[in-house]
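Indexing begins at 1, ligand by ligand and atom by atom, following the structure's order.
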Amino acid sequence: MHKNIQGIGMTSQRTRDRLIERLRKEGIGNERVLEVMRTTPRHIFIDEALASRAYEDTALPIGQGQTISQPFIVARMTEVMLDQGVPDFVLEVGTGSGYQSAILSRLVPKVYTVERISGLLTKARECHRVMGLRNVYTKHSDGSWGWPGHAPYPAIMVTAAPEQVPESLLEQLAIGGRMVIPVGSVSGAQLLKLITRTNAGFEEQTLDAVRFVPLLDGAIR
Ligand code: SAH
């Protein structure tokens, strides 16, 4: 794996700065999110052969049919999550490359993240180690069931799309908590939703049309 955090050429700081300007133009306004994305190397989460494309605003393959999310989507979901203040901890479902959890770990005190493919989790953990992140806790399991041990969560971010919001994740959302989740079928339209839990129940807001890999059942190697 390509583990030069500094980066050169197409992975240099100048290239990263250009991506941030683009995110800003596309409407990302949270300066803390932009600063963390500016200073987090995305290329280390991607195979060396694709690393030169790490600072394009596009999703890229990470193996096993999965992708690292597009930077705009990472920024957008993070911004929405932090909109009412910084939660004490967050549950991410779908660790994938580990990039989104790395971004979250620099903004939120503790990150719990669950991935169903152990091969991806191994690589993600290595990236977190190289970056020196000590507040990301990972688990190999089907994240549709959440991570009951640390529930209820003030924030939940789901980075793979179910056709319906899993009941367990709703149950594990704290009152006053926020869940950002893409919902819909892989072939059809998916919509990014913000679900807020109140004393009275759940409130749902539709944000953007999005395209995520599906949330699948079961944990595999
Ligand atoms: N947040 C990731 C995005 C990866 S794509 C990143 O920053 O790179 C979505 C990930 O969700 C894939 O790795 C996929 O394996 C995982 N996933 C799909 N269904 C899942 C489930 N039920 N439980 C946990 N992870 C799941």
Does one side chain, of [X] or [Y], offer a donor that lies under 3.5 Å from an acceptor on the other?
X	Y	answer
Arg106	Thr39	yes
Gln100	Thr78	yes
Thr113	Glu92	yes
Arg221	Ser118	no

What atoms in ligand 1 come closer than 4.0 Å to a heavy atom of [X]?
X	value
Ile68	8 (O)
Asp142	21 (C), 22 (N), 23 (N)
Ala160	11 (O), 18 (C)
Val114	24 (C), 25 (N)
Ser144	22 (N)
Thr95	1 (N), 2 (C), 6 (C), 8 (O)

Indicate yes or no: does an N/O atom of [X] lie under 3.5 Å from an N/O atom of ligand 1?
X	answer
Thr159	yes
Gly143	yes
Gly94	yes
Leu216	yes

Check each heavy atom of [X] against ligand 1 and say whether those closer than 4.0 Å belong to the side chain, the backbone, both or neither.
X	result
Ser101	neither
Ala219	neither
Ile117	side chain
Val213	side chain
Leu120	side chain

Nearest heavy atom to atom 8 (O) of ligand 1: which of Ser97, Gly96, Ser69 does it belong to?
->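 Selected option, by shortest heavy-atom distance: Ser97.
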Closest to atom 1 (N) of ligand 1 among Lys139, Glu92, His140 (heavy-atom distance) =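 Among Lys139, Glu92, His140, the closest heavy atom to atom 1 (N) of ligand 1 belongs to Glu92.
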Which residue owns the protein heavy atom closest to [atom], what's the atom, and how far is it?
atom	answer
atom 18 (C) of ligand 1	Pro214 O, 3.6 Å
atom 5 (S) of ligand 1	Thr67 O, 3.0 Å
atom 12 (C) of ligand 1	Gln66 OE1, 3.2 Å
atom 20 (C) of ligand 1	Arg116 CD, 3.3 Å
atom 7 (O) of ligand 1	Gln100 N, 3.0 Å
atom 16 (C) of ligand 1	Glu115 OE1, 3.3 Å

Touching ligand 1 at all, Ser141? Heavy atoms, strictly under 4.0 Å?
->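 Ser141: in contact with ligand 1 (<4.0 Å).
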4.0 Å heavy-atom contact, Gly218 with ligand 1 |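 For ligand 1, residue contact (heavy atoms, under 4.0 Å) with Gly218 is absent.
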Keeping [X] on the side-chain end and [Y] on the backbone end, is there a donor-acceptor pair under 3.5 Å?
X	Y	value
Glu115	Ile117	yes
Gln190	Phe212	yes
His140	Ile220	yes
Arg178	Val80	yes
Gln172	Pro152	no
Ser168	Trp145	no

Side-chain touch Ile28/Arg76, heavy atoms, less than 4.5 angstrom |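 Touching, per the 4.5 Å side-chain cut-off.
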With a 4.5 Å limit on heavy-atom distance, are the side chains of Arg53 and Glu56 in contact?
->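 Arg53 reaches Glu56 side chain to side chain.
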Testing Leu169, Val180, Ile181 for side chain to side chain contact (heavy atoms under 4.5 Å, CB included) with Ile195, which one passes?
->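 Between Ile195 and the candidates, side chain to side chain contact (heavy atoms under 4.5 Å, CB included) is satisfied uniquely by Ile181.
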Nearest heavy-atom pair of Ser69 and Val74: which atoms, and what distance?
->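 So the minimum-distance heavy-atom pair works out to CB-CG2, 3.8 Å.
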Would you call the rings of Tyr112 and His150 parallel, tilted or perpendicular if under 30° counts as parallel and over 60° as perpendicular?
->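 Answer is parallel, since the angle falls under 30°.
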